[in-house]
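Read the structure below first, then the notes.
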Amino acid sequence: MNNLEVVPNWSLEPKQVTEPEVVTEPSIKNWGGNKDPFMDIEKVNNYFPDGTINPMTYSILGEDGTQFKDVTSNYLLVSNKDIVDVVTEVMVKSMIEWKHEKRFFSNAGSFRDIYYANDTGLEKSVAQVGDLIGMVLEITNSYNGTSRAGIQVYFQRLICENGMTSNTYGFGHSFTHTAQNLNWDEQIIQATALLRNQSEHRLGKFVEACGKLQKPIDNTEIKLIREKYIPKGTGKNYLPGTQFGQLMDKYYEDGDFTAWGLLNAGTNVLWHADKLTNASFDNNTVVVDGLLKYGRDTYDGEIVNPNQTDIFQS
């Protein structure tokens, strides 16, 4: 099948497809730490020093003894295994071949499981350079309150397998870890049935935005980008100096002195780090959405990219 709109009725039995074979494969590398992301997990009572139960807080406790977080009685614990099982069912019924890309589980309890849609119907070419962009599905969860749980869909440059996270062009469904979301599994299935119709459209808009970066940039433009579009600082809306330095090193190494080359340098450094952190994903979004906004703000018509007409840089 060529796109996510091909399943007319979720209640129908899916055609024969290959279930993502890596979901429960124990040999998958954990890029975030050394703990088992699918360990048994439970919400347990806390106690006062005198041995009596503390009625105000509970702990999220892993079978290896890790205490992830103190929570209230209203906290809804969702295990990584349970949410992966539900989304795996969604992926199977989508009739798309999903390829496992990365698994991330930090020692603090943040979880991400990332899959690429291996489907030519969900690949589009960026104008001028011909780079193919595909779709990525990410399952998110946490045992430490750092993020909501759910799914996110964003993009990947195929030639380098650089993930491109984007709040502006990506989409998904997430929920809070509260008792009000006891039916979280139904929410994900229903939301995915609706969101699937957006996939090809969102991919097209993202690729169109990438096409506005196909122009040479000089130091004056890089200064503008650093000050306005990927500003220095800490937090989700800023890119620290260390990561910007790594981005620039890769930019000069690749020799693609365009705004597109700058974006690819940044996503390459952040996506392929030896050890990923939550900040790696946040910073990726800062680079992608910041540079795409720069492209929109400065685009002035068709521009032929002199650096990428004959050769791709990875």
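For the atom pair CG of N80 and CZ of F38, the computed distance is 6.5 Å after rounding to the nearest 0.5 Å. Here the straight-line distance linking atom OG1 of T165 with atom CG of L270 works out to 8.5 Å at 0.5 Å rounding. Atoms OG1 and CG, on T298 and L213 in that order, are 7.5 Å from each other to the nearest 0.5 Å. Note that CZ of F111 is 9.5 Å distant from OG of S79, once rounded to the nearest 0.5 Å. The OH atom of Y229 lies 5.5 Å from the CG atom of L224; values are rounded to the nearest 0.5 Å. Atoms CG and CG, from L291 and L263 in turn, are 5.0 Å apart once rounded to the nearest 0.5 Å.
Contact between F281 and T277 at its shortest, heavy atoms only, is CD1-O, 3.3 Å. The nearest pair of heavy atoms linking K124 to G204 is CD-CA, 3.7 Å. When all heavy atoms are compared, the tightest approach of V126 to V207 is CA-CG1, 3.7 Å. When all heavy atoms of N30 and F105 are compared, the pair lying nearest together is OD1-N, 2.7 Å. The two residues F155 and G170 come nearest to each other via the heavy atoms CE1-N, 3.9 Å. In this structure, N144 and S110 approach most closely via the heavy-atom pair ND2-OG, 3.5 Å.
Under the 4.5 Å side-chain heavy-atom criterion for Ile, Leu, Val, Met, Phe, Trp and Tyr, L76 and L61 are members of distinct hydrophobic clusters. Two different hydrophobic clusters hold V269 and W271 under the rule that ILVMFWY side chains link at heavy-atom gaps under 4.5 Å. Linking ILVMFWY residues whenever their side-chain heavy atoms come closer than 4.5 Å, directly or via other members, leaves Y47 and Y58 in distinct clusters.
Between the side chains of T66 and D64, a donor-acceptor pair is found at a separation under 3.5 Å. Between D113 and Y115, the side chains place a donor N or O and an acceptor N or O closer than 3.5 Å (distance only, hydrogens not considered). Of the N and O atoms on the side chains of T57 and D70, not one donor lies less than 3.5 Å from an acceptor on the other residue. A side-chain N or O of N46 and one of S59 form a donor-acceptor pair less than 3.5 Å apart. A side-chain N or O of D289 and one of S166 form a donor-acceptor pair less than 3.5 Å apart.
Here the side chains of L137 and V87 are in contact, with some heavy-atom distance below 4.5 Å. Counting heavy atoms from C-beta outward, V90 and I189 have side chains that approach closer than 4.5 Å. Side-chain contact check for L262 versus M248: some heavy-atom pair is nearer than 4.5 Å. Inter-residue side-chain proximity for N162 and H272 is flagged as met; some heavy-atom pair is nearer than 4.5 Å. Residues Y154 and V288 form no side-chain contact, since every pair of their non-hydrogen atoms from C-beta on lies 4.5 Å or further apart. For the pair W260/Q128, no side-chain contact is recorded, criterion being any heavy-atom separation below 4.5 Å from C-beta on. With contacts defined as side-chain heavy-atom distances shorter than 4.5 Å, the pair R157/I133 qualifies. Proximity of Y116 to I114: side-chain heavy atoms (C-beta onward) are nowhere separated by under 4.5 Å.
In this structure E123 satisfies the salt bridge (charged side-chain N to carboxylate O under 4.0 Å, His left out) test with no other residue, sequence neighbours excluded. Legend: residues meeting salt bridge (charged side-chain N to carboxylate O under 4.0 Å, His left out) with K293, ordered by chain and number and at least two apart, are D297. Among residues two or more places apart in sequence or in another chain, the ring pair (Phe, Tyr, Trp, His ring centres under 6.0 Å) test is passed with W184 by F175. Every salt bridge (charged side-chain N to carboxylate O under 4.0 Å, His left out) that E227 has, sequence neighbours left out, goes to K223. Residues forming a salt bridge (charged side-chain N to carboxylate O under 4.0 Å, His left out) with K69 (at least two apart in sequence, or on another chain): none.
Within the 3.5 Å criterion, the main-chain N or O of V78 finds no donor-acceptor partner in the side chain of D82. Side chain of K43 to main chain of S73: a donor-acceptor pair is present (N/O by atom type, distance under 3.5 Å, no hydrogens or angles). Between the side chain of E63 and the backbone N or O of D40, at least one donor-acceptor pair lies under 3.5 Å. Side-chain atoms of Q214 come within 3.5 Å of backbone atoms of C210 as a donor-acceptor pair (strictly under, hydrogens ignored). Between the side chain of N284 and the main chain of G163, a donor-acceptor pair closer than 3.5 Å is present. One N or O on the side chain of S142 and one on the backbone of S147 form a donor-acceptor pair closer than 3.5 Å.
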Just do the side chain to side chain contact (heavy atoms under 4.5 Å, CB included) check on I83 and I188 with the steps written out, would you? CA-CA 9 Å; I83 195 167; I188 286 181; 4.1 Å; yes
Quick one, Y252 with F257, criterion side chain to side chain contact (heavy atoms under 4.5 Å, CB included). Give me CA distance, side-chain angles, the key distance, then yes/no.
CA-CA 8 Å; Y252 291 130; F257 302 125; 3.9 Å; yes
Checklist line | CA sep, side-chain torsions, deciding dist, call: K250, N264, side chain to side chain contact (heavy atoms under 4.5 Å, CB included) | finding: CA-CA 9 Å; K250 181 64 174 168; N264 288 319; over 6 Å; no
Starting from the C-alpha separation in whole Å, work towards a yes-or-no answer on side chain to side chain contact (heavy atoms under 4.5 Å, CB included) for I28 and H100. CA-CA 9 Å; I28 292 297; H100 194 273; 3.6 Å; yes
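The environment of CG in D50 is crowded: more than 12 heavy-atom neighbours from other residues, nucleotides or ligands sit within 6.0 Å.
Residue P37 forms a side-chain contact (heavy atoms from CB on, under 4.5 Å) with just one option from R103, K81, R112, and that option is R103.
The pair E138-K102 does not meet the salt-bridge criterion, since no charged nitrogen lies less than 4.0 angstrom from a carboxylate oxygen. Classification of E161 and K99 as a salt-bridged pair holds, one side-chain N sitting under 4.0 Å from a carboxylate O.
Aromatic ring pairs are classed by plane angle as parallel below 30°, tilted from 30° to 60° and perpendicular above 60°; the pair H177 and Y75 is parallel.
Counting only residues at least two apart or in different chains, side chain to side chain donor-acceptor pair (under 3.5 Å) contacts with residues 230-248 are absent.
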